[in-house]
Amino acid sequence: MKTFEELGVAEPLRRAIEELGFEAPMPVQEKVIPHLLDSKAGDVVALAQTGTGKTAAFGLPVLQRIDPDINKPQALILSPTRELCLQIGSDLADFSKYETAVKVLPVYGGSSIESQIRSLRQGVQIIVATPGRLIDLINRGVVNLDNVRTVVLDEADEMLNMGFLDSIDEILSHIPDERKMLMFSATMPDEIAKIAKKYMQQPVEFVIGQKNEGAQNVKHVYYMVNARDKYLALKRIADDTPNIYAIIFCRTRRDTQEIADHLIQDGYNADALHGDLSQQQRDIVMKKFRDRVITMLVATDVAARGLDVDDLTHVINYGLPDDTAVYTHRSGRTGRAGKTGISVAIIHSREKGKLREIEKKIGKSFERKEVPTPQHIIEKQLYSLADRLERVKVDEEEIGKYLPGVARKLEWLSAEDLLKRVVSLEFKRLLDYYRDAPTIDFIDEKPKRERKDNDRPRNDKEKDRRTADKGMARVYVNAGKRDGFYAGNLIDMLNHTVEGKRVDVGRIDLMPGYTLFDVPQDDARRVVSGLTGAEFLGKHIYSEIADEKKDYAKASNRKSKSKNNENIFDEPAETIADYFRKKSRTNNSGKKKSRK
Ligand code: AMP
């Protein structure tokens with residue numbers, strides 16, 4: 001492995017990067033730096049993800065190629081977003097700490113053009129720009145690119161995704177032909193090859209990692225649930241990761257806002273980042289995320305570009321993108337700087353094809369995981385609390401003032417009792433939420449016959465289910481365990497839908513596709529008419545006084561086949577809103593908010 005000196009990096013730059021902790025060049029730097037510094041070498045296409053060290057790979061030679069005596073733009077770096085622009089500008093400033101003569105200016109949309117014009121007039125040597133704003137400045141006659149000798153297109157695939165192809169065309173037409181051009185891209189769609197062919201001279205292609213492959217140290221896992229359970233799965237993943245620091249990618253702005261709103265309502269440190277927010281709002285959200293005030297950022301792909309965070313625990317795909325390149329981008333946000341990352345996909349059964357397609361393209365397989373069980377989550381959280389208790393810094397002086405009084409009040413408790421109470425205090429809501437919580441994994445591996453048999457009464461004992469206890473009436477309701485409908489949900493639903501005095505519920509038999517339960521004979525009619533027409537997680541509830549001769553298993557199988565579980569999350573955004581609206585209207589899930 002070569003040193004930066006052997007690659008030809010000048011001393012003042014080396015001193016600066018050494019201070020930044022760069023000990024040895026990263027692979028992309030080893031390949032790109034000497035090539036860019038060699039005035040005879042041609043253009044470069046480099047396939048490299050963010051996090052591979054590509055900014056220094058082009059930034060160091062670009063800085064070194066600047067002639068300090070010419071006070072005009074000599075290098076142009078194009079980037080898709082304002083955030084990336086600022087990031088590159090700030091990296092170049094760091095690298096050129098001891099090359100103070102070099103002037104770098106980031107120009108981007110969404111910020112005062114006048115102050116950018118003023119800075120341009122004072123003279124700059126390197127412009128880092130978003131395409132739209134640069135064209136604006138060219139058209140106003142305040143930028144002259146005649147002296148540009150180096151052009152870098154960073155995240156070229158992303159610029160194409162954002163529709164900047166024409167802008168790039170126009171910008172390049174203002175730059176002399178005898179330029180060195182460098183294009184970085186995380187993926188290699190055909191359009192990139194076309195740009196290379198059109199604008200570059202015999203480009204050398206460097207591939208860092210493999211083409212279209214996600215970062216090496218990213219583990220890809222997926223959870224498969226019914227479409228309507230995606231949000232519940234997300235919550236469980238979050239609850240199972242006490243120190244979660246994640247970006248949750250959604251396809252639409254609306255989904256992004258909805259999911260974030262519900263996470264916030266449910267007590268998570270979450271927020272949304274998407275294009276409907278003003279630049280100022282986006283800046284605030286990103287700052288909060290960087291500062292970890294927010295630990296779950298729900299974002300669209302475009303809005304999350306340029307948000308540079310290195311130590312995400314998870315990238316979560318709330319559904320899969322259509323384009324594999326988008327998945328590669330998303331998963332490349334984790335597993336950076338030598339750390340291991342996890343890219344999670346929460347999918348429903350009909351997204352399986354897309355998953356296989358991505359596997360083929362990235363050459364890696366996804367591991368299917370079971371959605372964390374309540375027991376596992378609670379255990380994880382308990383250990384995390386124990387860990388925090390061990391590590392908490394006690395401010396002896398401050399706390400000490402109040403301790404004697406508190407100690408007197410609690411002296412009747414043993415140490416064990418005290419611990420139990422602390423834990424219960426912290427966990428009551430989590431325990432309440434997960435009590436009776438169903439398994440939400442989509443069951444696809446079970447042979448069909450086995451499932452049917454579960455529903456079919458095969459012996460007398462099962463027939464007894466249809467008979468009420470003495471003095472009671474048996475009531476049928478068309479929701480069962482398969483719907484995530486448990487005793488708590490039934491009681492909750494009765495409390496919310498049946499008018500008049502509280503109903504005492506007797507024996508409850510929960511079946512996969514339906515439920516039979518006893519109520520006092522006098523209350524039966526009231527119960528049936530209250531329940532019928534209610535909704536449970538989007539399912540229309542039907543109830544009747546149970547008929548001893550009727551085979552409800554068969555009936556419920558027939559119905560579930562024809563209705564085939566409503567897939568609420570399948571459809572575009574508004575249905576998610578509908579789902580939550582329905583849920584809060586009927587308030588029948590029997591689940592309480594779990595977190596502070
Ligand atoms: P980038 O791909 O340019 O976003 O870089 C990813 C991260 O790697 C940034 O935090 C850089 O500061 C860091 N980095 C770049 N080159 C090196 C190097 N040679 N040694 C250590 N860290 C580096």
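Everything quoted here is computed from the prediction, not taken from an experiment. Each ligand, and each atom within it, is numbered from 1 in the order the structure gives.
- Checked by atom type and distance alone, the side chain of Asp43 pairs as donor or acceptor with a backbone atom of Met181 at under 3.5 Å.
- For Gln87, no heavy-atom contact with ligand 1 is shorter than 4.0 Å.
- Considering backbone and side-chain atoms alike, Thr52 places an N or O below 3.5 Å from some N or O of ligand 1.
- Ligand 1 has no N or O atom lying under 3.5 Å from any N or O atom of Asp91, backbone or side chain.
- When Gly53, Pro27, Ala24 are ranked by how near their heavy atoms come to atom 1 (P) of ligand 1, first place goes to Gly53.
- Close approach to Thr55 involves these atoms of ligand 1, each under 4.0 Å from a residue heavy atom: 1 (P), 3 (O), 4 (O).
- With hydrogens and angles ignored, the 3.5 Å screen pairs no side-chain donor or acceptor of His314 with any backbone N or O of Ile316.
- Of the candidates Phe22, Phe95, Phe58, Phe184, Phe22 brings a heavy atom nearest to atom 14 (N) of ligand 1.
- Side-chain contact between Leu92 and Ile77 is present, with heavy atoms from C-beta onward closer than 4.5 Å.
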query = Would Arg292 and Asp311 count as a salt bridge (charged side-chain N to carboxylate O under 4.0 Å, His left out) if you check the C-alpha gap in whole Å, the side-chain angles of each, and the deciding distance to 0.1 Å?
reply = CA-CA 11 Å; Arg292 299 199 180 219; Asp311 36 12; 3.2 Å; yes
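- Residues Val298 and Cys250 are in side-chain contact: their nearest non-hydrogen atoms beyond the backbone lie under 4.5 Å apart.
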